[in-house]
Every structure is written in C-alpha cells, then in structure tokens.
Q: 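Handing you a structure now.
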Amino acid sequence: MKLQKEFFNRSTVEVAQDLLGKSLVFGNFKGLITETEAYRGFDDEASHAYRGPTTRAAIMFGEPGYSYVYLIYGIHHCLNIVTETSGCPGAVLIRGLQLPTLILDGPGKICQHLGITRQHSGINTINHPHFYLENGVDSFSYKATSRIGIKKATDKLWRFIITT
DNA sequence: CGCAAGATTATT
DNA sequence: ATAATCTTGCGA
C-alpha cells in the first residue's frame with residue numbers, strides 16, 4: 001500500500017513519527033525506515049527553509065510527498081520527504097534505513113548505497129513507479145531525541161528512532 | 001564577485 | 001575531537 005498525499009499533508013513532526021516503520025522503495029531497493037528527523041520552516045532555526053523560499057529550500061515550500069535531496073559539506077547527499085501543504089515549509093530527513101541485507105545508519109550512507117543524488121530531488125514520490133513509500137510494520141516502539149549535527153534549535157526533540 | 005558556514009562521515 | 005570538501009546564502 002503506497003503512502004498517499006494525505007499522509008504527508010500533515011504536521012511535519014507527526015509525519016516524521018509515522019514514517020518510522022514505513023518502507024522506502026527506490027529502484028530495486030526496499031527497506032524499513034528506522035530513523036527520521038523533522039525540519040520545519042519559520043520557527044525552526046536549523047531548517048533550510050527558515051530564511052524563506054531560497055533556491056535550495058524552495059521544494060520544502062511546495063507540494064507534500066515530493067523528495068528533497070541536498071548536498072552537505074560538499075560530500076554527502078541527504079534524502080528528505082516534503083511535508084505540509086503547499087506554501088507551508090516542512091520536510092522529514094531519512095536518517096536510518098533497514099535493508100534485508102544490511103543496515104544503513106546515516107543519511108549520507110543511504111544516498112550513497114541507493115545511488116541517490118540531487119538529480120532525484122523534486123520528484124513526486126506519490127506518482128513515481130520506482131521511488132515511493134509504503135506501509136511497513138504496524139507496531140513498534142521508538143524514542144525521541146535532539147537532532148544531530150546542528151548547532152541551532154537543539155532543544156527540539158524532533159529526531160525519532162525505532163528501538164525495536 | 002568573494003567569503004563564511006553547514007540537517008555528515010571517516011579517521012586519529 | 002577533527003579534517004575533508006563544495007554548495008548555498010549573504011554582503012559588497
């Protein structure tokens with residue numbers, strides 16, 4: 001069951017929590033999402049969208065269910081899924097993925113193994129045949145912590161991890 | 001047009 | 001704890 005637009009068209013923090021245990025399909029790869037982080041605009045200083053719809057963050061202001069891939073430190077790619085309705089910035093960073101054969105911890109590793117680059121940014125995952133999200137496990141436990149690698153808004157517990 | 005900083009990872 | 005490395009954002 002593929003996740004529809006209504007799933008992403010909600011509060012970013014809620015979507016981040018609900019994405020845990022869901023399945024990410026990208027080409028021949030398919031894995032469970034084990035770790036996410038929520039990034040909103042406006043009130044979140046750590047978000048790319050905080051300063052408004054700049055060139056890089058414009059996708060976060062667009063339609064929910066779209067992919068948002070950016071390059072960080074000139075080395076690593078990070079995969080996000082846009083949330084909230086058009087005009088309201090928000091995205092969920094996919095930090096951890098559980099494949100049948102291995103565990104990918106860290107957004108950079110995920111994009112490296114799946115072959116995700118900025119070419120895959122701005123894709124509508126709701127309509128795309130080989131790049132989308134679907135339901136996974138129904139029940140599991142998880143915890144919330146502060147986000148990693150940022151120096152602003154570290155008081156917000158918007159990082160969610162499956163504890164199994 | 002030039003400069004400073006960053007949603008990370010691998011290495012010491 | 002720190003370097004690597006290049007794109008983005010902001011100032012001149």
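Order of the sequence lines sets the chain letters (A, B, ...), proteins ahead of strands, with each chain counted from 1.
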Q: Could you give the CZ-to-C1' distance, from A:Arg51 to C:dC10, as a whole number of Å?
A: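 The answer, rounded to whole Å, is 9 Å.
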Q: Taking any atom closer than 4.0 angstrom to a non-hydrogen atom of chain A, what span of DNA chain B does the protein reach, first nucleotide to last?
A: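 On DNA chain B, the outermost contacted nucleotides are B:dG6 to B:dA10.
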Q: Between A:Phe29 and A:His113, is the ring centroid distance below 6.0 Å?
A: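 They do not qualify: ring centres at least 6.0 Å apart.
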Q: Does CG belonging to A:Asn28 count more than 12 external heavy atoms closer than 6.0 Å?
A: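 No, because the 6.0 Å sphere around CG of A:Asn28 holds 12 heavy atoms or fewer from other groups.
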Q: Could you pick out which residue, A:Ala49 or A:Gln112, lies toward the 5' side of DNA chain B when each is mapped onto its nearest nucleotide?
A: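 Upstream on the strand: A:Ala49.
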Q: What orientation do A:His130 and A:His128 show, parallel under 30°, tilted 30 to 60°, or perpendicular over 60°?
A: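 Perpendicular: the ring planes of A:His130 and A:His128 meet at over 60°.
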Q: In whole Å, what is the span from the OH atom of A:Tyr70 to the P atom of C:dG9?
A: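 Computing the A:Tyr70:OH to C:dG9:P distance gives 13 Å.
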Q: If each of A:Ile72 and A:Arg56 is mapped to the nucleotide of DNA chain C with the nearest heavy atom, which maps nearer the 5' terminus, i.e. the 5' end?
A: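 Here A:Ile72 is the residue nearer the 5' end.
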Q: Between A:Asp105 and A:Lys109, does any NZ, NE, NH1 or NH2 come within less than 4.0 Å of an OD or OE carboxylate oxygen?
A: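 A salt bridge links A:Lys109 with A:Asp105.
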Q: Nearest nucleotide by nearest heavy atom, which residue falls closer to the 5' end of DNA chain C, A:Tyr73 or A:His48?
A: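 Taking each residue's closest nucleotide, the earlier one in sequence belongs to A:Tyr73.
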Q: Does any nucleotide pair with B:dG6 by Watson-Crick or G-U wobble geometry, both distances under 3.5 Å, and what is it?
A: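 By the stated definition (distances under 3.5 Å), C:dC6 pairs with B:dG6.
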Q: NA contact type, A:Arg118, heavy-atom cut-off 4.0 Å: base, sugar-phosphate, or nothing?
A: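 Answer is sugar-phosphate: A:Arg118 comes under 4.0 Å of backbone atoms only.
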Q: Taking the side chain as C-beta and beyond, is there a heavy-atom pair between A:Tyr70 and A:His48 under 4.5 Å?
A: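 Answer yes - side chains close enough.
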Q: Could you check whether atom NZ of A:Lys30 has more than 12 heavy atoms from other residues, nucleotides or ligands sitting under 6.0 Å from it?
A: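 Atom NZ in A:Lys30 is not crowded, with 12 or fewer foreign heavy atoms closer than 6.0 Å.
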Q: Could you give the NE2-to-C1' distance, from A:His76 to C:dA3, as a whole number of Å?
A: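 Roughly 11 Å, once rounded to whole Å.
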Q: Assert yes or no for the condition that the ring centre distance of A:Tyr68 to A:Tyr66 is strictly below 6.0 Å.
A: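 No, they do not, as the ring centres are separated by 6.0 Å or more.
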Q: Hey, is the side chain of A:Thr54 poking within less than 4.0 Å of OP1 or OP2 on C:dG9, counting only N and O atoms?
A: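 Result: yes.
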Q: Which is true for A:Ile150 with a 4.0 Å heavy-atom rule: it touches a base, it touches only sugar-phosphate, or it touches nothing?
A: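 Contact class for A:Ile150: sugar-phosphate only.
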Q: Base, sugar-phosphate, or nothing for A:Leu71, non-hydrogen atoms under 4.0 angstrom?
A: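 Sugar-phosphate contact only - A:Leu71 comes under 4.0 Å of backbone atoms but never of a base.
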